[in-house]
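By convention here, the first residue in the shown sequence is residue 1. A quick note: this is a predicted structure, and the numbers were derived from the prediction, not measured.
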Amino acid sequence: MLEVFIFFALLVGGLTYVVWSIWTDVQAAEPGSLALLPFLLLILALLIALAFEFVNGFHDTANAVATVIYTNSLPAHFAVVWSGCWNFLGVLVSSGAVAFGIIQLLPVELILNVGSGAGMAMVFSLLIAAIIWNLGTWYLGLPASSSHTLIGSIIGVGIANQLVQGHSGTSGVDWGQAANVGYSLLLSPVVGFIAAGLLLLSLKALVKNPALYREPKAHKAPPWWIRGLLVLTCTGVSFAHGSNDGQKGMGLIMLILIGIVPTAYALNRAVAPEDVATFRALSLATAESLAGTLPPGTPPVAGDPRTILTTYVRDHEVRPDTVPALAQVARELGAAVATTTSLAQVPSVAVPNLRNDMYLASETIRIMVKSGRPAFDPQTRENLVAYERSLDEATKFIPLWVKVAVAIALGLGTMVGWKRIVVTVGEKIGKTHLTYAQGGAAELVAMGTIFAADHYGLPVSTTHVLSSGVAGTMAANRSGLQMSTIRNLAMAWILTLPAAILLSGGLYLLLRAVI
């Protein structure tokens, strides 16, 4: 009864904090600007986004507690509460790199117009599709990947959006960024399987204590040092899961906020005055550097430079007017803040356009620097990199209350619905009971892999890494694998991407017709 009370107290407290924070931020930016209907739409969108993180909590984090439960290192209910708390902390200290890496996969025209009907249809469809697939695989006890599901949902929206516009269906997806994410999702289970197996074999060669490799005795805790190691790895995986997976919801929540209440959230109002002055100087310096790379007599940009940059960000094709368009936008951005000492002083009517221009300039620079095309001189390249950092400081930020809301959703999700996935990981992957050494090896590899991916801003699947790690230790130990479970896991891994693409694409087309 106490657990239920704590659960609902945290839930109500978290929702109250979210509503209060939004209202306070909006009133501080522009008093009276948020009407009742947009406010209700905003709350609905945020609830759906937090529901995704809630489902992610009990779907993915169950993997973190499976080993400590099946080795009797922690009681089941204490383990999930412990894991939930560390997920909470992981979200709070996350960097945000993964969050904005996910956003870069979305169609650029929908990001720039996220407050439109098409933009809202995008956010709702990809979140609902991810929730449906996660709930379905959870019901069947399959440890499918929430990361994998969300990436598929984003690709589905991108393809559907381009088909609606009459373009090639493949042009609405940043396939270069999608490939980077895909590699991390593809390689993480392979890394988990091989690394956990090798770690177990190394442990056997170096540590001869037989207790590590025996089946745990029923209802009896392991020796204190083994128990400490397993609790430590469970804690690390939970913390790493929060810092990586929690960011996926953050990025989408920021899109929702930018679309519905841009005055308060489109620009980082906390940027210091001296940083605004730096941004102004970098804008002019970058514009001059870019202009210096152009051939003499280059004509002025014909047409809207924003349209030119939007096309470049979508297609990644450098045209004769791409660099001049970037120089013009940089010059205009410097002029836009010429008379302000703070981004909070930007007139409310100018905020959405200013934010879109900053986003376009930042994405254009990111793609140019990464691809090396055009080949700029070292000084121009240095200016561009510094300017991109300054642009990102103004647009790529996550308020504390967003982190707290996601942390509560992920933490509470960890505390419910965990048993189906735990049973699969603990009992149905190998033919023998999980040993202390196997659990520790799988958890250590999962923790290290997720921390490394978080450092590089790549989303990885806790589910894939840990499940494959357990399978790797079973194979290395010659314990045997339950091929029916391995087959089901492989099928879930293969089907997740196309299923999510079809679900989100279909929902997007449906919602576009309604909204």
Side-chain angles (χ1 to χ4, degrees), residues 57 60-91 93 143 188-189 191-204 206-207 209 211-216 221-246 410-411 414-415 418 421-422 424-427 429-430 433-455 460-474 476-477 479:
D60 280 19
T61 316
N63 296 278
V65 298
T67 54
V68 290
I69 291 174
Y70 273 88
T71 57
N72 303 318
S73 297
L74 289 176
H77 290 291
F78 182 84
V80 294
V81 172
W82 179 259
S83 179
C85 291
W86 284 97
N87 265 277
F88 182 94
L89 293 175
V91 174
V93 302
S188 54
V191 170
F193 185 91
I194 296 174
L198 291 175
L199 183 58
L200 179 67
L201 293 176
S202 301
L203 198 61
K204 280 189 165 185
L206 297 173
V207 182
N209 191 327
L212 272 173
Y213 315 106
R214 294 197 193 109
E215 177 180 332
W224 67 268
W225 63 276
I226 298 176
R227 188 179 191 179
L229 176 64
L230 290 168
V231 171
L232 178 64
T233 55
C234 167
T235 302
V237 171
S238 300
F239 182 84
H241 176 265
S243 67
N244 191 280
D245 273 43
L410 197 63
T414 304
M415 299 178 192
W418 50 271
I421 306 298
V422 165
T424 298
V425 174
E427 298 181 9
I429 293 179
H433 198 290
L434 197 69
T435 66
Y436 304 128
Q438 288 173 321
E443 291 271 22
L444 276 172
V445 168
M447 181 175 64
T449 303
I450 299 168
F451 272 129
D454 193 36
H455 176 73
V460 295
S461 167
T462 304
T463 302
H464 287 166
V465 178
L466 191 66
S467 299
S468 60
V470 171
T473 62
M474 292 291 177
N477 202 43
S479 304

- Closest non-hydrogen contact found for A196 with A441 is O-CB, 3.9 Å

- Message: Has S238 got a side-chain atom pairing as donor or acceptor with C234's backbone, closer than 3.5 angstrom?
- Response: yes

- Tell me, do V207 and L212 make a side-chain contact under 4.5 Å, heavy atoms counted? yes

- Would you check, one step at a time, whether the test side chain to side chain contact (heavy atoms under 4.5 Å, CB included) holds for V231 with W82? CA-CA 10 Å; V231 171; W82 179 259; 4.2 Å; yes

- Note on the structure: Minimal heavy-atom distance between A79 and V65, with the atoms involved, is O-CG1, 3.6 Å

- Message: For the backbone of E443 and the side chain of T233, can you confirm whether one donor and one acceptor N or O come within less than 3.5 Å of each other?
- Response: no

- Query: Excluding sequence neighbours, so at least two apart, what forms side chain to side chain donor-acceptor pair (under 3.5 Å) with T435?
  - Reply: Q438

- Message: Within the 4.5 Å heavy-atom criterion, are N87 and F239 side-chain neighbours or not?
- Response: no

- Side chain proximity check, L230 to Y436, heavy atoms < 4.5 angstrom: yes

- What residues, two or more places apart in sequence or in another chain, satisfy side chain to side chain donor-acceptor pair (under 3.5 Å) together with N477? K204, S479

- Task: Applying side chain to side chain contact (heavy atoms under 4.5 Å, CB included), run through V445 and L199 and close with a yes or a no.
- Result: CA-CA 8 Å; V445 168; L199 183 58; 4.2 Å; yes

- Query: Taking atom OG1 of T449 and atom CG of L466, what is their separation to the nearest 0.5 Å?
  - Reply: 10.0 Å

